[in-house]
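All remarks here apply to the structure that follows.
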Number of protein chains: 2
Amino acid sequence: MQRILNDPDNIVNESTAGFLRAHPDIVTTTANPRAIQSVFNHDDRVGVVTGGGSGHKPAFVGFCGENLCDAIAIGEICSSPTAQAFLDAFKAADRGKGVACLYGNYSGDNMNVKMAVRMAKKEGLTVKTVVCNDDAASAPPEEKNKRRGIAGEVIMYKIGGAAAATGADLDEVIRLAQKAVDQTRSIGIGLTPCTLPAVGHPNFEIKPGTMEVGVGPHGEPGMEVCELETAAQMAERMVNVIMGDDLPLEAGDEISLLVNGMGATPLNELYLLFDEAAKCLEEKGLKIYKSYVGNFLTSMDMMGASITVTKLDDELKPLLDMPCYGMGLKQR
Amino acid sequence: MQRILNDPDNIVNESTAGFLRAHPDIVTTTANPRAIQSVFNHDDRVGVVTGGGSGHKPAFVGFCGENLCDAIAIGEICSSPTAQAFLDAFKAADRGKGVACLYGNYSGDNMNVKMAVRMAKKEGLTVKTVVCNDDAASAPPEEKNKRRGIAGEVIMYKIGGAAAATGADLDEVIRLAQKAVDQTRSIGIGLTPCTLPAVGHPNFEIKPGTMEVGVGPHGEPGMEVCELETAAQMAERMVNVIMGDDLPLEAGDEISLLVNGMGATPLNELYLLFDEAAKCLEEKGLKIYKSYVGNFLTSMDMMGASITVTKLDDELKPLLDMPCYGMGLKQR
């Protein structure tokens with residue numbers, strides 16, 4: 001394992017310390033070392049919180065910032081934050097207008113968020129939630145509650161954070177973040193497994209010469225393992241899954257297209273995949289209104305990429321266009 | 001080779017197409033497919049150009065943008081752009097005030113830039129150059145002309161682009177970019193080799209359990225191969241090389257610290273290394289005025305990282321602080 005580490009059991013503390021030290025213009029501590037908050041104080045806004053396991057940087061701490069999330073709960077590597085971490089993030093984010101907790105659909109996160117929401121209620125703090133389940137490969141449409149949240153979470157944070165910045169109340173922030181999720185579909189292709197530092201070797205396998213369609217960010221099994229394809233074939237396959245899902249996408253619709261790297265895939269390959277996916281979508285008459293390419297929600301040293309399509313309208317477009325400033329997403 | 005590709009010989013065209021399609025708010029084409037330009041037209045400024053081989057994204061195209069470079073010459077994977085590509089980038093960047101070509105010290109780039117400067121002169125265009133040679137591990141101080149340019153190039157682009165944005169004339173932009181180079185030292189540690197897609201296997205070796213101190217971005221040999229160390233030991237080793245070089249760094253000096261990933265090293269490890277390097281530098285009394293952590297100048301799927309220290313003063317600080325907007329560097 002060729003990695004830059006001290007103690008594999010202390011990675012989260014150490015990398016969080018570096019993150020806080022590097023970006024004092026964006027983030028700062030809370031009393032809980034497993035919750036950080038943005039330095040931007042907007043007393044008149046609904047608070048926006050997310051959180052999740054570590055090892056996915058820039059997710060989740062990179063989406064703390066201006067017009068994004070106000071506080072983040074931090075878990076161990078590939079493990080949910082505690083309920084206490086979520087609660088402390090809620091408290092840090094709250095400005096008396098309530099808190100929108102926007103997070104991904106994983107059992108540990110679901111459990112801890114629910115507990116934290118109950119704990120918050122006892123303290124008089126209103127928290128409402130949106131669970132991102134954009135991964136179209138992880139369950140059929142009729143079992144959407146089983147679908148994972150993957151890079152579509154970035155669109156959820158962007159829309160939720162922007163909605164809060166407009167001065168919308170809690171129900172409206174929740175409605176818009178939920179709408180972003182409802183109008184978003186993603187699918188990934190894994191090319192190599194990742195290695196958890198505390199384990200030292202991959203805990204799942206993707207054989208060289210093959211690819212895992214729909215792999216999850218922790219190596220959760222996908223839809224299919226097949227032979228490695230060209231970028232054009234991968235793009236077509238992914239676009240077909242998204243177009244074949246239950247979100248109506250018709251010629252003339254405006255969309256955003258986000259291509260997310262899983263960590264170790266070179267950036268030039270993400271741009272190459274973006275170009276292929278964009279061509280496929282445009283051939284179907286869709287109009288790409290906004291583009292994102294990069295590493296947003298990674299799985300440490302996993303190779304592979306996902307694509308995320310969001311169907312836009314006149315309500316979502318200005319929210320997506322709003323400037324924002326976090327380590328993982330800067331837009332002007 | 002688990003990569004997202006169509007034709008290994010057409011990667012540069014395809015990924016450049018994706019890059020241009022994704023960022024129409026920042027970059028656009030020129031008549032030469034191997035030169036791109038920024039969409040920001042500032043008719044009263046010196047033009048700033050860089051260029052280099054491909055496979056290092058975000059370098060070099062990611063540093064095209066507002067208050068950064070105005071045009072970029074694009075080479076094949078790990079191969080210099082042609083003289084014609086540099087010339088066409090010069091022409092795209094020129095606003096009648098001359099062009100500063102800021103590039104890295106590699107033999108192919110040196111040759112092609114020199115040729116392009118002569119070709120430009122014949123056409124009545126004045127181009128002056130700064131060659132970045134920040135890699136302290138690549139030759140002793142008395143042979144500085146042999147040193148490679150690595151991630152310190154990012155600081156050179158930032159300072160040069162900001163200098164041009166202040167309205168400085170060509171000689172002044174060159175002086176400031178050269179000053180940025182003179183006051184910058186870097187060193188990298190390689191943990192794995194990278195694989196050129198057209199070759200299909202690594203063309204150099206870093207044995208598991210070892211690390212190559214001072215490795216170049218194309219696998220050029222470093223100072224030393226030794227056993228893999230902890231992040232703290234790596235940071236101390238790198239800081240000692242920089243502090244032991246010929247740039248006087250004394251307690252009380254203000255610096256910027258940039259930690260650059262070589263491509264496949266997870267971002268949380270870059271933050272962890274940043275924290276260790278920052279602690280080492282602060283123990284020596286240096287003050288970190290500005291921090292950068294991320295993938296800036298990569299080597300495709302190589303694992304490893306470099307650190308870059310720039311000694312700042314009242315002239316460089318406002319230039320480093322100036323907002324900028326390119327794919328690879330966004331600052332407000």
Side-chain angles (χ1 to χ4, degrees), chain A residues 1-7 11-12 14-19 21-24 54-55 57-58 62 77 189 191-192 206 208-209 211 228 230-232 234 259 263-276 278 288 291-295 298 300-301 303-305 325 327 330-332, chain B residues 1-7 11-12 14-19 21-24 54-55 57-58 62 77 189 191-192 206 208-209 211 228 230-232 234 259 263-276 278 288 291-295 298 300-301 303-305 325 327 330-332:
Chain A
M1 193 180 54
Q2 296 292 90
R3 307 281 278 273
I4 302 176
L5 302 169
N6 292 313
D7 172 2
I11 291 172
V12 177
E14 293 181 336
S15 74
T16 302
F19 180 75
R21 188 195 287 267
H23 305 296
S54 291
K57 267 202 183 73
I77 299 281
I189 290 183
L191 300 178
T192 69
I206 298 175
M211 59 188 211
L228 189 63
T230 65
M234 291 182 201
V259 170
T265 285
L267 196 49
N268 59 0
E269 297 174 24
L270 300 183
Y271 278 102
L272 202 155
L273 180 66
F274 172 82
D275 201 48
E276 294 294 350
I288 299 173
S291 304
Y292 297 96
V293 183
N295 292 301
T298 65
M300 292 171 289
D301 58 336
M303 280 184 157
Y325 202 79
M327 178 272 281
K330 293 185 171 82
Q331 198 174 296
R332 69 174 197 180
Chain B
M1 192 179 56
Q2 295 295 87
R3 307 281 278 272
I4 302 176
L5 301 168
N6 292 313
D7 174 1
I11 291 172
V12 177
E14 293 181 337
S15 74
T16 302
F19 180 74
R21 188 195 287 266
H23 304 295
S54 291
K57 265 199 185 70
I77 299 281
I189 290 183
L191 300 179
T192 69
I206 298 175
M211 60 188 210
L228 189 62
T230 64
M234 290 182 200
V259 169
T265 286
L267 197 48
N268 59 0
E269 298 176 24
L270 301 183
Y271 279 102
L272 202 155
L273 180 66
F274 172 83
D275 201 48
E276 293 293 351
I288 299 174
S291 305
Y292 297 97
V293 183
N295 292 303
T298 65
M300 291 172 288
D301 58 336
M303 282 184 154
Y325 202 79
M327 177 273 281
K330 293 185 171 82
Q331 197 175 297
R332 69 175 196 179

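Proteins get letters first, then strands, A, B, ... in listed order; numbering begins at 1 in each.
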Problem set entry | chain A contact via B:Ile77 - side chain, backbone, both or neither, heavy atoms under 4.5 Å | side chain

For this session: Decide yes or no for A:Met303 and B:Asp301: does some side-chain heavy atom of the first lie under 4.5 Å from some side-chain heavy atom of the second?
Result: yes

Problem set entry | Worked check of side-chain contact (heavy atoms from CB on, under 4.5 Å) between B:Thr265 and A:Arg3 | CA-CA 7 Å; B:Thr265 286; A:Arg3 307 281 278 273; over 6 Å; no

Exercise. Do B:Tyr271 and A:His23 have their ring centres less than 6.0 Å from each other?
Worked result: yes

Exercise. When heavy-atom pairs shorter than 4.5 Å are enumerated against chain A, which of B:Leu272, B:Ile4, B:Asp7 gives the highest number?
Worked result: B:Ile4

Exercise. Under a 4.5 Å cut-off applied to non-hydrogen side-chain atoms, are A:Leu267 and B:Asn295 in contact?
Worked result: no

Exercise. Within a strict 4.5 Å, meaning less than it, do heavy atoms of the B:Met1 and A:Pro208 side chains meet?
Worked result: no

Seminar exercise, completed: Note: vs chain A, highest number of non-hydrogen pairs under 4.5 angstrom among B:Phe274, B:Phe19, B:Tyr325 is B:Tyr325

For this session: Could you go through the side chain to side chain donor-acceptor pair (under 3.5 Å) check for B:Glu14 and A:Asn268 one step at a time?
Result: CA-CA 9 Å; B:Glu14 293 181 337; A:Asn268 59 0; over 6 Å; no

Problem set entry | B:Gln2 (side chain) donor-acceptor with A:Gly209 (main chain) under 3.5 angstrom | yes

Seminar exercise, completed: All heavy atoms of A:Ala264 vs all of B:Ala264, minimum pair found to be CB-CB, 3.6 Å

For this session: Let me know if B:Glu276 has heavy atoms under 4.5 Å from chain A in its side chain, its backbone, both or neither.
Result: side chain

For this session: Considering only heavy atoms and a distance below 4.5 Å, find which of B:Lys330, B:Met300, B:Arg21, B:Lys57 pairs most often with chain A.
Result: B:Arg21

Problem set entry | Toward chain A, the part of B:Pro58 with a non-hydrogen atom under 4.5 Å | both

For this session: Please tell me if the side chains of B:Arg332 and A:Arg332 come closer than 4.5 Å, counting only heavy atoms from C-beta onward.
Result: no

Problem set entry | Heavy-atom proximity to chain A below 4.5 Å, by part of B:Leu228 | side chain

Problem set entry | Donor-acceptor contact below 3.5 Å, side chain A:Asn6 vs main chain B:Thr230 | no

Problem set entry | Among the listed options A:Thr16, A:Thr298, A:Asp275, the residue most often paired with chain B at heavy-atom distances under 4.5 Å | A:Asp275

Problem set entry | Test item: B:Leu5 and A:Glu269 side chains (from C-beta on) under 4.5 Å apart, heavy atoms | yes

